[in-house]
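In listed order, ligands and their atoms are each counted from 1. Positions are given from 1 along the sequence.
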Amino acid sequence: MSFPVVVLISGSGSNLQALIDQSLSGALNINICAVISNKKEAFGLQRAQLAGIPTHVLNHKDYASRELFDLALKECIDVYQPKLVVLAGFMRILTADFTQHYQDRMLNIHPSLLPKFKGLDTHARAIAAGEEYHGVSVHFVSAELDAGAIIIQAKTQISIDETPETLAQKVHKLEHIIYPEAVKWFSEDRLVVKETGVWLDNTLLPENGFQYSS
Ligand code: GRF
């Protein structure tokens, strides 16, 4: 039996697609057992359905509080007994109870070289700050937003005429490489989180994670 994974999305789902493609090609030995979205119009739901993956929509607006939404989300996820929960463009701030429940078994991808540029509009902010490089990080999810232990990063140079849109495109390409890679490591039991940091194949990674280079 391959490794059960539940993916949470809110939008286009191109990272979800990268995971689907690699699991279909056999590069990634995971079973995406469900895709859950908080938005019914998320295009990623169609991608999942096309791949024959069960989908669920839980609209956060139907719940009286963040706590109640997270509780319902947890119940929906846990039906599938995933070994890993993958946040792939899931645009919700999660409660500490929720993040604790999935501690060390929930990953997120964030479009910046963390710890720089947590939160939104990262591409525009990196350009405005005059950064030479921008990029993407995959990290374990902790209670604090975009602050969990970093597993892998990939970077790209910001060119003179860069716009947030062109930069987002460059970063997206890197996302589709490093997210499946991190999921692969996790599913093969090669990643361990300890007090000291993240270990890959019994080697302690730097604080900003494994540095991917093409
Ligand atoms: C990505 O840029 C990811 O880094 C961020 O949300 C976006 C999701 O894109 N967390 P997609 O829905 O996977 O295309």
Enquirer: Heavy-atom contacts with ligand 1 below 4.0 Å: which residues, ordered by chain and residue number?
Expert: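 Ser12, Gly13, Ser14, Asn15, Gly89, Ile109, Pro111, His172, Glu175.
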
Enquirer: Going by salt bridge (charged side-chain N to carboxylate O under 4.0 Å, His left out), name the residues that satisfy it together with Glu162, two or more places apart in sequence or in a different chain.
Expert: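 For Glu162 the salt bridge (charged side-chain N to carboxylate O under 4.0 Å, His left out) partners, ignoring immediate neighbours, are Lys170.
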
Enquirer: For the side chain of Arg105 and the backbone of Phe140, is there at least one donor-acceptor N/O pair under 3.5 Å apart?
Expert: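 No, because the side chain of Arg105 does not come within donor-acceptor range (under 3.5 Å) of the backbone of Phe140.
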
Enquirer: In terms of side-chain heavy atoms, does Glu67 have a donor or acceptor partner in Thr95 at a distance below 3.5 Å?
Expert: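 The answer is no; no qualifying pair exists.
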
Enquirer: So which pairs with a foot in residues 100-129 pass ring pair (Phe, Tyr, Trp, His ring centres under 6.0 Å), sequence neighbours left out?
Expert: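 Checked against ring pair (Phe, Tyr, Trp, His ring centres under 6.0 Å) - neighbours excluded - the pairs reaching residues 100-129 are Phe98-Tyr102, His123-His134.
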
Enquirer: With a sphere of 6.0 Å drawn around CG of Asp201, does it hold more than 12 non-hydrogen atoms of other residues, nucleotides or ligands?
Expert: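 More than 12 within 6.0 Å, yes.
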
Enquirer: Who pairs with His176 by side chain to side chain contact (heavy atoms under 4.5 Å, CB included), at least two apart in sequence or on another chain?
Expert: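 Only Ser14, Asn15, Ala18, His172 meet the side chain to side chain contact (heavy atoms under 4.5 Å, CB included) criterion with His176.
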
